[in-house]
There are 2 protein chains.
Amino acid sequence: MEDLRAFDHTEDGMDARTETVRDRNWKGQGVEQAMISGGQRGVRSRTGRPTARDVAREAGVSPTAVSFVLTGTHPEKVSAATRKRVLEAVERLGYRPNRVARSLRTHRTGAIGVLLTDIKHPLLARTVSGIQQVARQYGYHVVLHNTSFNPEAEREALQFLADLLVDGIIFVSTSTWGDDSVLLEWTQTPLVLINRALSESIPVPSSLPRVRVDYRAGAKEAVLHLVEQGCRRIAYVGAVLTGPGASLAATERYGGYRDALAEAGLPYLPELVHISSSSRPGWDDGAEAVERFLAYGFDGLYAVNDYAAAGAIGRLLRGGLRVPQDVAVVGNDNTEVASHHSPQITSVDPNWEEAGAVALRLLQSMLDGKEKACESTRGASGEAGTTRDGASTGRDGVVAVRPKLVVRESSRRVG
Amino acid sequence: MEDLRAFDHTEDGMDARTETVRDRNWKGQGVEQAMISGGQRGVRSRTGRPTARDVAREAGVSPTAVSFVLTGTHPEKVSAATRKRVLEAVERLGYRPNRVARSLRTHRTGAIGVLLTDIKHPLLARTVSGIQQVARQYGYHVVLHNTSFNPEAEREALQFLADLLVDGIIFVSTSTWGDDSVLLEWTQTPLVLINRALSESIPVPSSLPRVRVDYRAGAKEAVLHLVEQGCRRIAYVGAVLTGPGASLAATERYGGYRDALAEAGLPYLPELVHISSSSRPGWDDGAEAVERFLAYGFDGLYAVNDYAAAGAIGRLLRGGLRVPQDVAVVGNDNTEVASHHSPQITSVDPNWEEAGAVALRLLQSMLDGKEKACESTRGASGEAGTTRDGASTGRDGVVAVRPKLVVRESSRRVG
DNA sequence: GTGAAAGCGCTAACAC
DNA sequence: GTGTTAGCGCTTTCAC
């Protein structure tokens, strides 16, 4: 019986006509491929790819043995000889397991869904990169979804990923929108948030695991670096702090600036603070600010992004001042400009790459926890206290990632 | 019998003990969720999600009817009353089809795999964005894979995507590596290449569909724009043309510069051409070039990227020249600097977003073709002559996407 | 129009 | 250790 089946294409109670029709609908070349590539062995499923059963037949063993060998489970239940025959058959047939079928059976896809607001945002791209690096380590694959700042699309994408049965979801965002109820109620698939501030209005201090970049610490480090370089009158160029354009990042960076001054025992000089009217200050803001500061005298400047820093440097140079000798400058975000500018600009790298990595490790620990103990309902976030460099678990189980300073010419004073 | 099953959790010949063990391994909370959320109806599969059969039971119809309603196939085979009952049951149960199971059956996943060398590259990110926009239209979803310039990872990722049974694959790359044999032999899943130059050494003019960005046309357009603005002595700042750092992009842009001069009837002035020693000229190259050009006099400048353009502008301004009145400047890539600089820089947008969109449309036509006619083996690329704005099918079926010029202050002369 | 039943390709419990 | 077998949740033929 076994042997008979191996050479019969139309068995399994399916007649030839039926098979042709279905193949046409599904994979097109299925039949031809089976004829051509599989001809010698005569074994190829109707999809054009050999199946585990084909391997079993080829090796002369049972599907069970094939499964055990390939998944590595129950290694004690398969003899060395069997294993060898299976592996050889796999090699001979060029067999690759069908992951869809496997997922249907195991309810695990080995994929992590990543939801983000905008793939074109350089910082988010870095986060994805960080996630992907860790994913590779853990053997996960990444399914990416762009929501383009559209709340409706966010909801939809979340559902889609759940339908796809991804093992976990990471939601990366730069901004907040109003209604977080979807996220709070989300119980279908383990979820980790990156920089997704939950509306303050919601009273429930949710146990939803979150990772955030510590803007405040980054700004503080930048300013303290300037202090270290000998600066005593340090100016600040920042984004709007109140009104519609205000952001958490802006507030925190301003706070970090003041923190640093306080820590260094330097006075806060309002005349050296320039708050842009925009949420994202640019070249002009930097230049304008310098123009104004020049009257008061200053020897250091921290700008909340690299464009403003570049603008400031441009204005300083045109004014005949030297950077960093007369004024040392530090930017923020460590974007391409920072390294491409001349002089190269010292900049705070937000470390979003690390944020991605941390988030995935967090997710991993949730998945692990889930597999081991049924009773742990949701808050596996506690487990993640074991964070690595630059990340620390704070109140509410929110993990904060520390930005790191990349020192370049614009602030490096010899000695 | 139907009714009995609906309230019996341990039917299907599976005893209670077995079910518990499996649930623990698979989904963790499955059992609890079934108790809580599904308690009122008593119907929930062991994964915690209602299944199509649950819907059928709830609606009092057969699974067939549910399937027909939900997939929209055979609309004539389902009565209005049945449809209504099904939809209501779906709503009541919060049913969502399991895409994995569906894929296993239909051999279509509705997902497109995108392979790229580096997500952090801003231009590639734009391509992904372009792909994703069209994907949304077509109802496809995108699975992204980063290969980090690692040929081995590329091979692996290609296989992984094929194993996942994505419906098609788009391979986006900025650079070339040696061995393209994998790509040429690739027959498993429909594949489209973006900017993936095949090694010249391979003799077979493969029918593999490809999309490329027409660097030459972009450069030409930039220079012709300068001519239009009244420039007659137009300088060029470009990347290395020969040796290890040389790239197709560099050669083509240089060619486009010369094309434009020729077309405008302007002489080629070697003293106004600065070829950087690097494959990616920067700020300094722009500044240096200007320094040299000043001796000869010039009224326009095209730089192959925005950083070089910014450097050139910086040097010009410091030299007391006005931009664009004395010298009009155009950059390339339309990166963030271009719009953030002051003055804002006119730049050639490589239109990678469109390249992504075109690639997916190409893929779509291949998939369509496959479904309709079995005999079309591979080269559905011919079909894609029906391209849209900015794209044209060239020799070898390679589709070229035209970059487009974004005009800003640095080159806009009033009148 | 409706329902029963047969699998897609894989895993794993259970009997040998 | 090995093979038989029963499904995962869905689609779709075929008989009513």
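Lettering follows sequence order; numbering is per chain, from 1.
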When the nearest nucleotide of DNA chain D is assigned to Glu76(A) and to Pro97(B) on a heavy-atom basis, which residue is associated with the more 5' position? Glu76(A)
Atom CZ of Phe68(B) and atom P of dC10(D) are separated, to the nearest Å, by 15 Å
What's the shortest heavy-atom distance between Leu70(A) and Tyr95(A), and which atoms? CD2-CE2, 3.3 Å
Listed nucleotide nearest any side-chain atom of Thr106(B), set dT11(D), dG9(D), dT2(C): dT11(D)
Residue whose closest nucleotide on DNA chain D lies nearer the 5' end, Lys77(B) versus Arg102(B): Arg102(B)
Interatomic distance where CG belongs to Leu104(B) and P belongs to dG7(D) [whole Å]: 17 Å
What is the distance from CZ of Arg99(B) to P of dC10(D), rounded to the nearest Å? 12 Å
Nearest non-hydrogen partners of Pro209(A) and Met366(A), listed with the distance: CG-SD, 3.7 Å
Per Ala52(A) side chain, nearest of listed nucleotides dC10(C), dT12(D), dG3(C): dC10(C)
Glu91(A) atom CD, neighbour heavy-atom count above 12 within 6.0 Å: no
Rounding to an integer number of Å, can you tell me how far His74(A) NE2 sits from dT2(D) P? 14 Å
Measure from the side chain of Ser79(B), starting at C-beta and using heavy atoms only, and say which of dT2(D), dT2(C), dT12(D) lies closest. dT2(C)
Do the side chain of Thr64(B) and the base of dA4(C) come within less than 3.5 angstrom through a donor-acceptor pair of N or O atoms? yes
Taking only the side-chain heavy atoms of Asn98(B) (C-beta and beyond), determine which of dT2(C), dC10(D), dC10(C) contains the nearest atom. dC10(D)
Is the shortest side-chain N/O distance from Thr82(A) to OP1 or OP2 of dT2(D) below 4.0 Å? yes
Hey, which of these two, Pro63(A) or Ala101(B), hits DNA chain C nearer its 5' end, going by closest nucleotide? Ala101(B)
Can you measure Arg57(B) atom CZ to dG3(C) atom P for me and round it to whole angstrom units? 14 Å
Respond yes when some side-chain nitrogen or oxygen of Thr51(A) is under 4.0 Å from OP1 or OP2 of dG9(C), and no when none is. no
Output the single nucleotide from dC10(C), dT11(D), dC8(D) whose closest atom is nearest the side chain of His107(A). dC8(D)
Using atom CZ of Arg53(A) as one end and atom P of dT11(C) as the other, report the distance to the nearest whole Å. 14 Å
Mutual orientation of the aromatic rings belonging to His141(A) and Phe160(B) [parallel < 30°, tilted 30-60°, perpendicular > 60°]: parallel
Rounded off to whole Å, could you give me the CZ-to-P distance for the Arg105(B) and dG7(D) pair? 18 Å
Salt bridge Arg83(A)-Glu88(A), side-chain N to carboxylate O under 4.0 Å: no
DNA chain C nearest-nucleotide lookup for Ser67(A) and Gly60(B): closer to the 5′ end is Gly60(B)
Provide, to the nearest angstrom, the distance between the CG atom belonging to Leu164(A) and the C1' atom belonging to dG9(D). 15 Å
